[in-house]
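Beneath this line is the structure, given in structure tokens, with notes to follow.
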Amino acid sequence: MIKQCRSDNSGHTNCIFMIRFQLKLLLLGFVNYSGTVPVSVSGEKRGRITLTCESEAREISDISLSSRSEIIPVCPTEDCSGRVYKQGNCDVVFKNLSFSDAGTYFMRVYYSNDQTELERQIRTYQLHIQDEVSVKTGEELKLDVLLSIADKVQHQSRRSTEWMKVWSRTDGVQSERITIRDRNLIINEFTARDAGSYRVLGSEEEPLITVTVTESKEIQDDTDGTKHRSYWIGLTPITVLVVLLVLIRIAVTSHKRLHIPYLPGVTQ
Ligand SMILES: *[C@@H]1O[C@H](CO)[C@@H](O)[C@H](O)[C@H]1NC(C)=O
């Protein structure tokens with residue numbers, strides 16, 4: 001790096017090299033501080049997820065969990081009212097997951113070593129939440145995915161391998177059919193082409209949320225049977241009408257056959 005700076009005859013370029021070098025050092029420092037590469041953890045919305053700490057330390061005195069510079073309260077057991085609780089030595093479980101749980105988490109594990117000094121390990125986790133929804137054709141598809149940390153939303157249709165931009169923090173929505181309400185991304189008049197996967201990425205391109213959207217058939221969605229009943233009720237008058245029409249037709253043709261020899265057009 002220093003060599004490049006010397007051989008360069010533009011003072012401006014020298015300066016840029018220097019800044020880059022310092023940035024790299026800063027980033028290295030950050031990586032060291034936050035422990036290792038983030039562990040990716042995926043869970044279903046309303047399901048549960050475990051952040052495994054895998055600490056070999058015997059004497060863990062405390063753990064603390066934080067995300068977006070905020071401390072996340074961790075219950076000592078599952079029985080308390082919170083959704084986040086400690087399990088075993090130092091694992092942390094999240095239950096009834098929601099989209100807003102997505103993001104980066106830091107777990108600090110404080111433990112005593114053989115010299116009875118308090119030491120600290122930091123682990124990083126990347127939480128990704130998945131969900132599945134089905135929408136009827138023509139209705140609106142409402143995705144509650146625009147978290148404060150969301151940077152872009154992409155769509156991949158069922159038969160495609162490409163991710164198309166739907167929304168980004170800098171450019172907004174990419175189609176006239178899409179509107180934003182509260183934190184929701186709303187796609188109006190859903191069609192089969194809107195089915196597929198929608199993924200939300202953070203500022204570092206890290207996946208936060210993935211929603212799989214399928215097109216629902218009306219009968220499949222009928223859980224209480226009301227539509228089924230009205231379907232049959234609706235069909236009965238039609239059936240009666242069809243049967244009547246068929247009967248009339250039979251009556252007319254048989255009447256015609258019976259009278260063919262006496263019809264004026266045929267006899268003369
Ligand atoms: C799960 O969380 C949602 C809100 O995100 C809440 O409405 C629901 O009652 C919770 N379910 C349980 C079983 O706690």
Side-chain angles (χ1 to χ4, degrees), residues 38-53 63-107 123-136 139-156 166-169 173 178-188 190 194-216 220-226:
V39 178
S40 296
V41 194
S42 285
E44 296 282 329
K45 188 181 179 182
R46 293 173 289 273
R48 55 179 74 202
I49 222 172
T50 305
L51 308 183
T52 52
C53 90
I63 59 165
S64 106
L65 189 70
S66 66
S67 180
R68 289 161 230 162
S69 325
E70 272 182 39
I71 298 288
I72 313 289
V74 180
C75 286
T77 64
E78 191 186 344
D79 305 322
C80 57
S81 60
R83 284 191 308 118
V84 185
Y85 61 92
K86 200 180 98 172
Q87 193 176 58
N89 212 6
C90 54
D91 290 353
V92 172
V93 181
F94 280 67
K95 60 180 178 185
N96 194 17
L97 285 166
S98 69
F99 285 156
S100 53
D101 291 328
T104 309
Y105 288 78
F106 298 100
M107 194 201 288
R123 282 163 211 280
T124 316
Y125 302 87
Q126 188 61 56
L127 246 76
H128 169 238
I129 314 294
Q130 292 168 299
D131 195 22
E132 283 176 22
V133 295
S134 73
V135 191
K136 287 176 200 157
E139 294 201 341
E140 66 171 35
L141 164 61
K142 194 169 161 189
L143 299 167
D144 177 22
V145 295
L146 300 180
L147 316 171
S148 57
I149 51 164
D151 195 62
K152 55 175 80 79
V153 178
Q154 297 174 326
H155 172 230
Q156 187 183 55
V166 174
W167 172 89
S168 80
R169 193 158 291 280
V173 291
I178 305 172
T179 46
I180 304 281
R181 215 184 297 147
D182 302 327
R183 314 192 302 184
N184 299 296
L185 192 77
I186 296 152
I187 299 174
N188 297 300
F190 182 83
D194 298 319
S197 299
Y198 288 82
R199 72 174 182 192
V200 183
L201 303 176
S203 56
E204 309 281 322
E205 298 279 310
E206 74 278 22
L208 299 169
I209 297 169
T210 304
V211 183
T212 308
V213 180
T214 52
E215 190 190 5
S216 84
Q220 280 176 356
D221 231 29
D222 182 22
T223 42
D224 55 2
T226 46

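Start at 1 and go down the list; that is how both ligands and their atoms are numbered. Bear in mind that the values here come from a model prediction, so they are computed numbers and not experimental data.
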Between the side chains of His128 and Thr210, does any donor sit under 3.5 Å from an acceptor?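 Per modelled atom types, His128 and Thr210 side chains form a pair under 3.5 Å.
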
Contact between [X] and [Y] at the side-chain level, heavy atoms closer than 4.5 Å - yes or no?
X      : Y      : value
Ile49  : Glu44  : no
Ser216 : Lys136 : yes
Asp131 : Arg46  : yes

Residues in the immediate environment of ligand 1 (any heavy atom closer than 4.0 angstrom): Asn96

For a side-chain hydrogen bond (donor to acceptor under 3.5 Å, both in side chains) check, start with the C-alpha distance between Ser100 and Ser98, then their side-chain angles and the critical distance, and finish with the verdict. CA-CA 5 Å; Ser100 53; Ser98 69; 3.0 Å; yes

Run the side-chain donor-acceptor check on residues 196-204: report pairs under 3.5 Å with partners two or more places apart or on a different chain.
unit_1 : atom_1 : unit_2 : atom_2 : d
Tyr198 : OH     : Asp194 : O      : 2.7
Arg199 : NE     : Gln154 : OE1    : 2.7
Arg199 : NH2    : Gln154 : OE1    : 2.9

